[in-house]
Amino acid sequence: MEGSLPYYDCTFPSLVEQQEFEKKLFLKTQRSESEVVLVDGVTALCQRSSDVMCFIIGGPDENELMLLSALTCLCESLYHILRKSLERNSLLENMDTVFLVLDEIIDRGVILECESQQVIERLSFKTVSEQAFGFVLFDYITGNNEQREGQRRAALE
């Protein structure tokens with residue numbers, strides 16, 4: 001996936017320059033234990049989790065603490081929503097969820113949310129809906145829905 005995701009601005013005019021930057025960034029973070037690195041005038045923060053490295057980049061004048069809080073929010077939200085499985089295969093299998101989480105946190109390069117609990121609550125409708133659908137389907141199959149409807153009609157009369 002290297003080089004396949006666009007940046008929010010025209011930081012890199014060509015795909016070749018973008019891939020070259022990503023290669024430098026990856027090599028620099030592999031050799032360093034630091035979470036914050038400066039590569040080609042761009043501030044980059046990195047968090048590692050098993051076989052996944054999450055990055056967030058900003059301009060040289062960006063507030064590193066704000067970038068770190070957005071990156072932490074992203075990692076914590078994914079960790080919770082993906083049921084404690086922040087691994088490469090889990091991310092690839094749930095790419096739609098990854099994009100939803102990212103969309104809740106950042107919009108067109110603007111950080112909107114830094115509290116992972118807020119992101120989790122906004123996206124928890126998905127799990128609630130799946131459970132509710134299961135109950136409706138079960139009631140339909142077993143005929144419990146007709147019994148409840150009859151009881152509701154009797155109560156209204």
Side-chain angles (χ1 to χ4, degrees), residues 1-138 140-141:
M1 262 177 61
E2 182 177 303
S4 62
L5 295 176
Y7 291 81
Y8 291 109
D9 60 7
C10 297
T11 304
F12 307 104
S14 71
L15 184 61
V16 173
E17 290 178 25
Q18 178 181 330
Q19 289 175 335
E20 193 63 36
F21 167 78
E22 291 170 355
K23 186 183 284 186
K24 286 180 190 176
L25 178 62
F26 184 74
L27 291 173
K28 194 164 188 176
T29 54
Q30 285 294 340
R31 290 182 261 140
S32 173
E33 291 297 318
S34 176
E35 287 185 343
V36 180
V37 293
L38 191 64
V39 179
D40 294 341
V42 175
T43 304
L45 282 80
C46 170
Q47 282 191 4
R48 296 169 177 86
S49 175
S50 65
D51 61 346
V52 174
M53 294 176 71
C54 295
F55 292 93
I56 189 168
I57 66 167
D61 299 326
E62 290 289 332
N63 183 338
E64 289 92 359
L65 292 175
M66 191 65 183
L67 292 173
L68 180 62
S69 63
L71 182 60
T72 301
C73 179
L74 173 67
C75 293
E76 287 177 357
S77 299
L78 289 172
Y79 182 78
H80 181 79
I81 290 174
L82 296 177
R83 294 174 175 75
K84 320 272 188 258
S85 178
L86 192 55
E87 297 173 346
R88 182 177 185 262
N89 288 338
S90 178
L91 290 175
L92 291 173
E93 290 170 3
N94 297 289
M95 193 57 76
D96 57 336
T97 303
V98 173
F99 286 129
L100 281 174
V101 169
L102 193 56
D103 191 47
E104 285 294 320
I105 298 170
I106 299 173
D107 186 26
R108 296 181 185 182
V110 177
I111 298 172
L112 301 175
E113 186 63 65
C114 290
E115 293 292 327
S116 60
Q117 195 58 40
Q118 293 293 321
V119 174
I120 293 164
E121 286 176 12
R122 279 193 213 118
L123 296 177
S124 66
F125 70 88
K126 184 175 180 184
T127 55
V128 171
S129 300
E130 289 170 359
Q131 290 173 352
F133 178 73
F135 287 123
V136 169
L137 184 60
F138 179 76
Y140 177 76
I141 291 170

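No donor-acceptor pair under 3.5 Å is formed between the side chain of Thr43 and the backbone N or O of Leu38. Within the 3.5 Å criterion, the main-chain N or O of Val42 finds no donor-acceptor partner in the side chain of Asp40.
In this structure, Asp103 has no salt bridge (Lys or Arg N to Asp or Glu O under 4.0 Å) partners at least two apart in sequence or on a different chain. The side chain to side chain contact (heavy atoms under 4.5 Å, CB included) test applied to Glu104 returns Val119, Arg122, Leu123, not counting sequence neighbours. For Glu62, the side chain to side chain contact (heavy atoms under 4.5 Å, CB included) partners at least two apart in sequence or on another chain are Leu67. For Ser50, the side chain to side chain contact (heavy atoms under 4.5 Å, CB included) criterion is met by Glu87, not counting sequence neighbours. Qualifying side chain to side chain contact (heavy atoms under 4.5 Å, CB included) partners for Val39, counting only residues two or more places apart in sequence or in other chains: Phe21, Lys24, Leu25, Lys28, Val37.
Rounded to the nearest 0.5 Å, atoms CD (Glu113) and CG (Asp107) are 13.0 Å apart. The distance from atom CD of Glu64 to atom CE of Met66, rounded to the nearest 0.5 Å, is 13.0 Å. Between atom CD1 of residue Ile105 and atom CD1 of residue Ile111 there is a gap of 9.5 Å, rounded to the nearest 0.5 Å. Rounded to the nearest 0.5 angstrom, Phe55 CZ and Glu35 CD are separated by 11.5 Å.
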Intermediate values then yes/no, side chain to side chain contact (heavy atoms under 4.5 Å, CB included), Phe26 and Met53 = CA-CA 9 Å; Phe26 184 74; Met53 294 176 71; 3.7 Å; yes

Pairs of donor and acceptor atoms involving the side chains of residues 71-81, under 3.5 Å and at least two apart or interchain, shall be tabulated with distances.
unit_1, atom_1, unit_2, atom_2, d
Thr72, OG1, Gln47, NE2, 2.9
Thr72, OG1, Leu68, O, 2.8
Glu76, OE1, Ser116, OG, 3.0
Ser77, OG, Cys73, O, 2.7

